[in-house]
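Some notes on the structure that comes next.
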Amino acid sequence: MDALQQVNIKLFAAPGSEIRLEDAIPVFHRWIQTSALPELLIDVADYAHVPNGPGVMLIGHQANYSLDLGQGRLGLLYNRKARAEGDAGESLRSAYQSALAAAALLEREPAFAGRLRFLPDQLEIVLNDRLLYPNASATWTELEPAFSAFLQGVLGPAYEIEHARDPRERFQVYARAVAAASSMSPVR
């Protein structure tokens, strides 16, 4: 399968992560100045005032990063905008690695150290192109093998997966690792 386009990966903040989103603004500006991430970083946008919104965004040429409050859950959202290389699995792995790298940087930032931690065992994946990836059974059937292989690689053999099937929404998958590896198979 070809590379996936418009891959979004959200890593959720751990319970008890208490931060002010506005504290990310100077952090993201410094990341632009120091080229802290491999993408070309351009600007910072503050949407912290929007309930359950995009929070504070670091706008880049190839990708955006944000401390996101979508669906009422704080997390780091990586939004790949540029065309990805490789196959579907490589697209997912690349987006995940970019999200993990940014999350690790944020956790080490003095403004967030000890107050922000991301969960490596649960994530949300959104394909942000309704034309290429309609939220339909046929799309899930085509993508499920790549998603399963990717999730097994990052979450281990025991995970739960939920595909949000509302055709009015973007193609979206939520996955989390489960503790009982011996008794759990992937749930679809």
Side-chain angles (χ1 to χ4, degrees), residues 4-82 84 91-130 133 147 150-151 154-155 159-162 164 169-177:
L4 299 175
Q5 304 305 311
Q6 303 289 329
V7 176
N8 291 358
I9 302 270
K10 183 173 181 177
L11 302 175
F12 295 100
S17 293
E18 303 254 343
I19 63 165
R20 288 174 9 110
L21 288 179
E22 296 82 2
D23 291 343
I25 295 169
V27 170
F28 286 167
H29 278 294
R30 187 170 26 77
W31 287 10
I32 292 169
Q33 295 165 352
T34 63
S35 300
L37 297 169
E39 292 93 356
L40 173 62
L41 304 174
I42 300 168
D43 200 1
V44 177
D46 179 6
Y47 295 100
H49 61 282
V50 178
N52 298 326
V56 175
M57 297 179 67
L58 175 57
I59 310 297
H61 180 68
Q62 297 92 351
N64 297 338
Y65 295 83
S66 62
L67 274 174
D68 175 80
L69 292 172
Q71 299 175 352
R73 290 192 67 189
L74 175 63
L76 176 92
L77 178 63
Y78 172 81
N79 173 14
R80 175 135 183 106
K81 301 183 295 186
S91 303
L92 292 167
R93 284 187 298 280
S94 173
Y96 181 70
Q97 290 303 319
S98 293
L100 278 179
L105 279 175
L106 277 172
E107 288 177 343
R108 291 191 305 266
E109 282 291 337
F112 302 120
R115 297 186 307 129
L116 178 63
R117 189 174 59 83
F118 293 97
L119 301 170
D121 62 346
Q122 52 181 286
L123 62 138
E124 180 181 72
I125 306 166
V126 175
L127 300 181
N128 198 19
D129 187 319
R130 293 172 201 249
Y133 311 106
F147 273 73
F150 163 72
L151 291 169
V154 299
L155 299 178
Y159 62 89
E160 294 177 331
I161 184 170
E162 180 183 330
E169 299 293 329
R170 298 173 296 167
F171 185 90
Q172 177 180 346
V173 170
Y174 172 79
R176 71 175 184 88

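Worth knowing before you read on, the calculation uses all heavy atoms, side chains too, and leaves out hydrogens, waters and symmetry mates.
- Annotation for H29: atom NE2 counts as buried by contact number, over 12 foreign heavy atoms lying within 6.0 Å.
- Here the CG-CG distance, from D46 to L21, works out to 8.0 Å after rounding to the nearest 0.5 Å.
- Under a 3.5 Å cut-off, the side chain of Y133 and the backbone N or O of Q5 do form a donor-acceptor pair.
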Pair L74, L116 - check side-chain contact (heavy atoms from CB on, under 4.5 Å), show working. CA-CA 10 Å; L74 175 63; L116 178 63; 4.1 Å; yes
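- In this structure, L92 and I9 approach most closely via the heavy-atom pair O-CD1, 4.4 Å.
- Within the structure, salt bridge (charged side-chain N to carboxylate O under 4.0 Å, His left out) contacts touching residues 18-38 (residues at least two apart or in different chains) are R20-D23, D23-R115, R30-E109.
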- Task: Give the C-alpha distance, both sets of side-chain angles, the deciding distance and a yes or no for side-chain contact (heavy atoms from CB on, under 4.5 Å) between Q62 and L40.
- Result: CA-CA 7 Å; Q62 297 92 351; L40 173 62; 3.9 Å; yes
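- For the atom pair I32 CD1 and L37 CG, the distance stands at 10.0 Å (nearest 0.5 Å).
- Atoms CG and CH2, on L41 and W31 in that order, are 9.0 Å from each other to the nearest 0.5 Å.
- Between N8 and L77 the shortest heavy-atom distance is CB-CD1, 4.0 Å.
- For S98 against Y78, the heavy-atom pair with the smallest separation is CB-CE1, 3.4 Å.
- Residues meeting the salt bridge (Lys or Arg N to Asp or Glu O under 4.0 Å) test with R117, sequence neighbours left out: none.
- From D43, atom CG reaches atom CG of N64 across 10.5 Å, with rounding to the nearest 0.5 Å.
- At a threshold of 4.5 Å between non-hydrogen side-chain atoms, the residues L127 and V7 count as touching.
- Checked against ring-ring contact (aromatic ring centres under 6.0 Å, His included), F150 has the following partners two or more places apart in sequence or in another chain: Y96.
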**Message:** Determine whether K10 and Q71 satisfy the following criterion, side-chain contact (heavy atoms from CB on, under 4.5 Å), listing intermediate values before the conclusion.
**Reply:** CA-CA 11 Å; K10 183 173 181 177; Q71 299 175 352; 5.6 Å; no
* Check against side-chain contact (heavy atoms from CB on, under 4.5 Å), V27 and V56 -> CA-CA 11 Å; V27 170; V56 175; over 6 Å; no
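- For Y174, the ring-ring contact (aromatic ring centres under 6.0 Å, His included) test picks out F12, with sequence neighbours left out.
- Not counting sequence neighbours, R93 has no partner by the salt bridge (Lys or Arg N to Asp or Glu O under 4.0 Å) test.
- Without hydrogens or angle criteria, D121 side chain to R176 main chain gives no donor-acceptor distance under 3.5 Å.
- Note: D68 CG to R73 CZ = 11.0 Å, rounded to the nearest 0.5 Å.
- A pairwise comparison of heavy atoms in G75 and F118 identifies C-CE2, 3.9 Å as the closest pair.
- Residues L106 and F28 form a side-chain contact, since some pair of their non-hydrogen atoms from C-beta on lies under 4.5 Å apart.
- For the pair L4 and S91, the tightest heavy-atom approach, listed with the atom from each and the gap, is N-OG, 2.9 Å.
- With a 4.5 Å cut-off on side-chain heavy atoms, N79 and Q6 count as touching.
- Taking every heavy atom of both residues into account, A103 and L11 meet most closely at CB-CD1, 4.0 Å.
- Distance CD/E162 to CD/Q172: 8.5 Å, rounded to 0.5 Å.
- For R170, the salt bridge (Lys or Arg N to Asp or Glu O under 4.0 Å) test picks out no residue, with sequence neighbours left out.
- When side chains are defined from C-beta on, K81 counts as touching I59, because their heavy atoms get closer than 4.5 Å.
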